[in-house]
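Here the structure comes first, spelled out in structure tokens, and everything after it is commentary.
Starting from 1, each residue takes its place in the sequence as its number. What you see below is based on every heavy atom in this structure, not just the backbone, and it leaves out hydrogens, waters and symmetry mates.
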Amino acid sequence: MPAPKKRTTATKTTPVKRKPAVRKKKKSQSKYQFLKWYITVLALAILFSPFYYGYVFKMFSSTWRWFEDIGTPASGRIYKSFGIAIPEGYSIHGIDVSYAQGKIDWQKVVSMKEDSVNVRFAFIKATEGLLTVDPYFKRNWREAAKVGIRCGAYHFFRPKKNGLWQARFFLQNVQVEAGDLPPVVDIERLDGKTPEAMRKELKDYVLFIESKTGVQPIIYTGISFYNDYLRGHFDEYPLWIAHYNQPKLKVRANANWRFWQHSETGHINGIGHTVDFDVFRGDSLSLQKMLVVKEND
């Protein structure tokens with residue numbers, strides 16, 4: 001007899017409940033979109049505006065210069081190529097040299113320039129006392145003039161020596177010609193003489209030079225020596241005064257100074273040693289008026 005078949009009960013599968021999909025809401029237009037658009041348009045307008053390069057770049061470069069000049073001394077902006085601070089407000093710059101600077105390549109000197117600063121004049125030592133001629137004078141006097149630098153020769157004055165004889169000695173070695181700067185007498189010490197005796201010899205010197213060249217010589221001295229011994233005595237003569245690392249030359253307002261030696265530690269191409277730097281008080285026309293206009297008698 002066949003076995004009875006088992007009834008199979010159908011099992012119902014319970015459907016898995018799924019969470020209804022949540023649709024992401026589209027972001028509404030941001031309230032900042034207008035601001036972003038405005039900034040973008042403004043930036044493009046500035047970038048393509050001619051004023052950008054004239055003002056923004058200028059402002060950037062000025063700001064950069066400000067950062068570079070942090071620590072700059074009050075004596076003026078530092079010119080890195082020359083290695084010194086140079087007083088502001090002067091357009092004509094120069095140097096003064098002697099045997100201490102050795103052999104000079106004057107073409108390199110005149111070719112060196114940073115911004116508007118370059119060497120346009122030079123005072124060159126010629127003689128000292130009654131017997132000493134600077135060994136580099138003739139070479140410097142010749143080569144500096146060749147490259148267009150205005151030159152003036154100077155004598156280092158010794159108060160214990162006869163002033164008239166020193167003037168004659170100077171003119172024996174220097175031919176003052178048209179186009180030169182006036183000759184200079186360098187007075188820095190008393191050499192054991194009284195101030196009155198020094199001034200007498202100096203007066204004899206400058207009067208002789210003036211009578212023979214037709215121009216007033218320039219008197220060079222340091223700020224202290226001027227204030228102590230020369231102030232009020234040679235006011236009719238143009239002055240060249242040494243006063244280092246200062247923002248201004250501190251002399252009385254009516255002092256007849258024309259040149260200021262503001263540094264003794266400058267560097268310049270063509271000179272292997274430090275060199276004195278000077279500025280002229282005036283413009284190109286004023287400098288031109290100082291030049292010798294006729295040859296000496």
For [X] and [Y], does a side-chain donor sit closer than 3.5 Å to a side-chain acceptor?
{"X": "H262", "Y": "Q246", "value": "no"}
{"X": "R281", "Y": "S286", "value": "no"}
{"X": "D96", "Y": "Q261", "value": "yes"}
{"X": "S284", "Y": "Q288", "value": "no"}

Is the [X] to [Y] ring centre distance short of 6.0 Å?
{"X": "Y205", "Y": "F157", "answer": "yes"}
{"X": "F259", "Y": "F123", "answer": "yes"}
{"X": "F82", "Y": "F277", "answer": "yes"}

[X] [atom1] to [Y] [atom2] distance, which is reported to the nearest 0.5 Å:
{"X": "T127", "Y": "D134", "atom1": "OG1", "atom2": "CG", "result": "9.0 Å"}
{"X": "S111", "Y": "N269", "atom1": "OG", "atom2": "CG", "result": "8.5 Å"}
{"X": "D228", "Y": "I223", "atom1": "CG", "atom2": "CD1", "result": "10.0 Å"}
{"X": "E264", "Y": "D278", "atom1": "CD", "atom2": "CG", "result": "11.5 Å"}
{"X": "R258", "Y": "L239", "atom1": "CZ", "atom2": "CG", "result": "10.0 Å"}
{"X": "M112", "Y": "E114", "atom1": "CE", "atom2": "CD", "result": "7.0 Å"}

Closest heavy-atom pair and its distance - [X], [Y]:
{"X": "P238", "Y": "Q216", "result": "CD-OE1, 3.9 Å"}
{"X": "Q101", "Y": "T274", "result": "NE2-O, 3.0 Å"}
{"X": "Y244", "Y": "A242", "result": "OH-CB, 3.9 Å"}

With side chain to side chain contact (heavy atoms under 4.5 Å, CB included) as the test, would you mind laying out the steps for K125 and V97 before giving the verdict? CA-CA 6 Å; K125 183 177 182 181; V97 300; over 6 Å; no
State, yes or no, whether a side-chain contact exists between [X] and [Y] at a heavy-atom distance under 4.5 Å.
{"X": "V119", "Y": "V110", "result": "no"}
{"X": "I78", "Y": "I84", "result": "no"}
{"X": "H243", "Y": "Y226", "result": "no"}
{"X": "T213", "Y": "L171", "result": "yes"}
{"X": "L202", "Y": "L230", "result": "yes"}
{"X": "I241", "Y": "W260", "result": "no"}
{"X": "F280", "Y": "M290", "result": "yes"}
{"X": "V215", "Y": "E210", "result": "no"}

Can you check side chain to side chain contact (heavy atoms under 4.5 Å, CB included) on I209 and V185, steps first, answer last? CA-CA 10 Å; I209 295 293; V185 55; over 6 Å; no
Would R77 pass as a cation-pi partner of Y79, given that its NZ or CZ must be under 6.0 Å from the six-membered ring centre and within 45 degrees of the axis?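 Yes - R77 lies over the ring of Y79, closer than 6.0 Å to its centre and within 45° of its axis.
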Regarding K103 and the six-membered ring of Y136, is the cationic atom NZ or CZ under 6.0 Å from the ring centre and inside 45° of its axis?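 K103 over Y136 ring: no.
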Please answer: with hydrophobic residues joined when any side-chain heavy atoms are less than 4.5 Å apart, are [X] and [Y] in the same cluster?
{"X": "F121", "Y": "V275", "result": "no"}
{"X": "Y237", "Y": "L164", "result": "yes"}
{"X": "I218", "Y": "F156", "result": "no"}
{"X": "V293", "Y": "L287", "result": "no"}
{"X": "F234", "Y": "L190", "result": "yes"}

Step by step, would you call V174 with F137 a side chain to side chain contact (heavy atoms under 4.5 Å, CB included)? CA-CA 9 Å; V174 179; F137 169 66; 3.7 Å; yes
Can I get a per-line list of side-chain donor-acceptor pairs under 3.5 Å for residues 141-153, giving both atom names and the distance, sequence neighbours left out?
{"residue": "E143", "atom": "OE2", "partner": "K146", "partner atom": "NZ", "Å": "3.3"}
{"residue": "R150", "atom": "NH1", "partner": "G179", "partner atom": "O", "Å": "3.0"}

SB check [X] [Y] (cutoff 4.0 Å):
{"X": "D235", "Y": "R252", "result": "yes"}
{"X": "E128", "Y": "R158", "result": "yes"}
{"X": "E88", "Y": "K248", "result": "no"}
{"X": "D191", "Y": "K161", "result": "no"}

Can you name the salt bridge (charged side-chain N to carboxylate O under 4.0 Å, His left out) partners of K200, sequence neighbours left out?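 K200 satisfies salt bridge (charged side-chain N to carboxylate O under 4.0 Å, His left out) with D204 once adjacent residues are dropped.
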What is the ring orientation for H155 with F170, classed by angle as parallel under 30°, tilted 30 to 60°, or perpendicular over 60°?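 Taking F170 first and then H155, their aromatic rings stand perpendicular (interplane angle over 60°).
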Taking it one step at a time, do E188 and Y220 satisfy side-chain hydrogen bond (donor to acceptor under 3.5 Å, both in side chains)? CA-CA 8 Å; E188 304 178 32; Y220 166 91; 4.5 Å; no
Might you confirm whether atom CH2 of W257 has over 12 heavy atoms from other residues, nucleotides or ligands at distances under 6.0 Å?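 It does: W257 CH2 has more than 12 such atoms within range.
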In terms of heavy-atom contacts, does NZ of K160 have more than 12 from other residues, nucleotides or ligands at under 6.0 Å?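 Result for NZ/K160: open.
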Side chain to side chain contact (heavy atoms under 4.5 Å, CB included) between E196 and Y229: does it pass, once the steps are laid out? CA-CA 9 Å; E196 293 77 12; Y229 307 118; over 6 Å; no
Determine whether D186 and W240 satisfy the following criterion, side-chain hydrogen bond (donor to acceptor under 3.5 Å, both in side chains), listing intermediate values before the conclusion. CA-CA 9 Å; D186 178 343; W240 170 22; over 6 Å; no
